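So the structure is just underneath, and the comments pick up after that.
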Protein chains: 2
Amino acid sequence: MNIGEIAKRAGVSRSTVSYVLSGRRRVSDATRGRIQAVIDELDYRPNASARALREGRTQALGLVIPPAGRRLTGMQLEFVASVVEAAARADMDVLLSPSGGDHDRSFERIVSGRRVDGVILMEIRLEDDRVTRLQQSGLPFVTIGRTADPHTTSWVDVDYAGLIGRCVHHLADLGHRHVALINRSAELLASGYGPGHRATAGFDAAVAERGLDGVTLSCGDDGRSGEMCVEQLLAAHPQVTAIATVNEAALPGIRRALDTAGLVVPRDFSITGVAAQHWAEEFRPPLTAADVPIVEMGTEAVNLLLAAIAGPGTPLGRHLYRPPISLRSSTGPAPRVSR
Amino acid sequence: MNIGEIAKRAGVSRSTVSYVLSGRRRVSDATRGRIQAVIDELDYRPNASARALREGRTQALGLVIPPAGRRLTGMQLEFVASVVEAAARADMDVLLSPSGGDHDRSFERIVSGRRVDGVILMEIRLEDDRVTRLQQSGLPFVTIGRTADPHTTSWVDVDYAGLIGRCVHHLADLGHRHVALINRSAELLASGYGPGHRATAGFDAAVAERGLDGVTLSCGDDGRSGEMCVEQLLAAHPQVTAIATVNEAALPGIRRALDTAGLVVPRDFSITGVAAQHWAEEFRPPLTAADVPIVEMGTEAVNLLLAAIAGPGTPLGRHLYRPPISLRSSTGPAPRVSR
DNA sequence: TTGTAGGCGTTATCAA
DNA sequence: TTGATAACGCCTACAA
């Protein structure tokens, strides 16, 4: 079923059918009605590949996600959902590319095969080959997270440094003197993962400013790791009375380890950090945390990208999110006596 | 950058470049070397739209996921990941369509615009418009889950009825007389969601066979709902000593409600069901459950689809998974005295 | 061993 | 108000 078939049945030329479809030139009511009837009857819709070839636009966005194997965190998942949703609102399809560090078949296919009109890159690192690759390709792109040189790209990001800093100040205000940061995994940090490094920087700065004793720990993105991490923390640093974390996937495990140690939150131990609202609320007791506005960020990333696609001369868009800390019930005054 | 440009620079015709790319006819070493050098230098890759138009194949699969708004469960997410992964292995891209009940723009665009070579449908219902639509479109498709009339489609599914039946038998063997099924949400059930209905059927059959007292509850796909659901269960049916569930997203909440009620698992209360291995292991104590082989199912769905795409006459493929119940630590003998 | 040319389904320019 | 036609980039049957 193609446009020629419709034209034939309606007794007009292909171009007229095309114009009825696009509305880009006047077609008499009579003719348009006849054509529309045929279109409706046959449920015709133009072939996307042909249109893409002709227009130079695919009406699709690429979304580069962390490769399988590593399980996506809840936050990553929500980003995917919000991007897909925002794209659908603009009648754009989303092509998923599970691409890790370097040159990946799927990534290359999407980029150099011109399968998409633009790309959203998730979980980028401070130095990221894929960013370089996209820059040289000329394809519009937006990153969720920013590289070490954020002045040359469009991005949305969370101010991990500032937020973790605020968490530390909040804990200090409550009288905590010995605090710990539970960061993302050591591999991720080693690969130059921005949020991890910025969280560390923010933590260190605030700890220094308030004259606290701070411990930093890496932790895998899963419950089991969180559990082990806190066990080790409690054993090695018994004086610690509070945790700040950017590792939401570890939260359930952190919770279990505190339970096992017989510590009641927030009476004996405080915990706070940066997390998706959903996870903060699911925590027991509900987590005092900076709620990452994931849906907003995903939507904004899509909007920036659509703008860049529409106008090649569009200025770079950047948005650093610094949501307030929602006070819930997981932080309290430092316990009087050390454990 | 197109094939003509490569041809010009290499001093050959376009067809020769094309043949070098496809390897479908012999090209002399000298010529091929010269062409390949140009290709490498310019990092040329054929335009996907043009190729799709010419070949009638897009090298992309559509994956229809539940619409945003409803948060994807961990299991759904893993399906997505496994499908994307399996597709990537076959050099296929995956186009995501967040489509709910009926005719959705995104779904229609993918299907009638021929944007994909085939479709994988998630979370289908016993009667599903999208299945009908795909059947009449002639586009190959595979469903994860099956409709009420499973003889006309290709699918992979979990034998929820059989598995929940086994769970009940396991509980009965342990001496439990009063058991509950925690099902998926009421809306999902009302919309004719197969796994929900089949779980109920399996539960009822096993309960009848063993002469037990069985309660069935619907529960939203999130922790909060699980918590409320179990609170109500304990209040309304104090004699219940065990739960079987197909609602893995509710597990954390179920856990919290049991905690709050002061019930120790498995001493005072047993819990089992069907869940992704990951969630079963994350539960405390680790959940005795039928582990849904998600990656295997996602991979098999892709393989069935690829086969159907390759050979239009391919027989329908169906695979009903019935994984064994992994005995972990969340079930034990029924407590002697009722609460 | 390589080249020529037609057509996949669209859209838009030029003509009528 | 409508129609004929070229072009988007690719693949391949046919020719040389």
Side-chain angles (χ1 to χ4, degrees), chain A residues 1-36 38-39 42-60 91 109-117 137-139, chain B residues 1-36 38-39 42-60 91 109-117 137-139:
Chain A
M1 183 53 43
N2 59 32
I3 205 170
E5 181 67 21
I6 304 292
K8 192 189 302 174
R9 300 208 191 199
V12 297
S13 74
R14 291 178 320 191
S15 53
T16 303
V17 177
S18 177
Y19 283 117
V20 165
L21 249 21
S22 69
R24 295 168 109 91
R25 104 173 165 190
R26 274 214 60 78
V27 175
S28 73
D29 287 353
T31 311
R32 192 181 48 254
R34 212 165 63 244
I35 294 175
Q36 192 62 55
V38 177
I39 289 176
L42 301 187
D43 196 26
Y44 162 78
R45 219 147 326 221
N47 178 298
S49 301
R51 180 174 268 181
L53 175 57
R54 165 71 214 209
E55 305 275 81
R57 303 261 268 96
T58 61
Q59 297 286 48
D91 281 333
R109 203 166 47 226
I110 284 181
V111 173
S112 33
R114 305 262 115 159
R115 290 201 82 130
V116 296
D117 298 331
S137 83
L139 204 59
Chain B
M1 183 51 44
N2 58 36
I3 204 170
E5 182 67 23
I6 304 293
K8 194 190 301 174
R9 300 208 190 199
V12 297
S13 75
R14 294 178 323 194
S15 57
T16 304
V17 177
S18 178
Y19 284 118
V20 165
L21 250 21
S22 69
R24 294 172 107 90
R25 98 175 171 190
R26 274 213 59 79
V27 175
S28 73
D29 287 354
T31 311
R32 191 180 50 253
R34 211 165 62 244
I35 294 175
Q36 192 62 54
V38 177
I39 288 176
L42 301 186
D43 197 25
Y44 163 77
R45 220 148 324 221
N47 179 298
S49 301
R51 179 174 270 181
L53 177 57
R54 159 76 214 207
E55 305 278 81
R57 304 260 269 98
T58 62
Q59 297 287 61
D91 280 332
R109 204 166 47 228
I110 284 181
V111 172
S112 34
R114 306 261 112 149
R115 290 199 81 127
V116 297
D117 298 332
S137 84
L139 204 59

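This is a predicted model, so every value here is computed, not measured. Per chain, numbering begins at 1; letters A, B, ... match sequence-line order.
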*In whole angstrom, give the distance that lies between atom CD1 of B:Ile35 and atom C1' of C:dG3.*
12 Å
_A:Arg14 side chain to A:Ala7 backbone, donor-acceptor under 3.5 Å_ = no
*Once you build an axis from the first five pairs and another from the last five of the helix from C:dT1-D:dA16 to C:dA16-D:dT1, how far apart in angle are they, to 10 degrees?*
50°
*Sequence neighbours left out, what passes side chain to side chain donor-acceptor pair (under 3.5 Å) with A:Ser13? Give chain and number order.*
A:Ser15, A:Thr16
*What's the CZ-P distance between A:Arg32 and D:dT1, to the nearest Å?*
10 Å
*Does anything in residues 46-56 of chain B pair up under salt bridge (Lys or Arg N to Asp or Glu O under 4.0 Å), and if so which pairs, sequence neighbours excluded?*
none
_side chain to side chain donor-acceptor pair (under 3.5 Å) partners of A:Ser137, counting only residues at least two apart_ = none
*Non-neighbouring partners of B:Arg109 that pass side chain to side chain donor-acceptor pair (under 3.5 Å), sequence neighbours left out*: A:Asp91, A:Asp93
*B:Arg34 has an atom CZ; how far is it from atom C1' of C:dT1, in whole Å?*
12 Å
*Would you mind reporting whether A:Ile39 and A:Leu21 have side-chain heavy atoms less than 4.5 Å apart?*
yes
*asked:* Does atom CZ (A:Arg25) have a neighbourhood of more than 12 heavy atoms from anything else shown, all under 6.0 Å?
replied: yes
*Can you check side-chain contact (heavy atoms from CB on, under 4.5 Å) on A:Lys8 and A:Val17, steps first, answer last?*
CA-CA 10 Å; A:Lys8 192 189 302 174; A:Val17 177; over 6 Å; no
*Which letter, B, S or -, goes with each nucleotide of nucleotides 9-16 of chain C from 5' to 3', with contact meaning a protein heavy atom under 4.0 Å?*
BBBBBB--
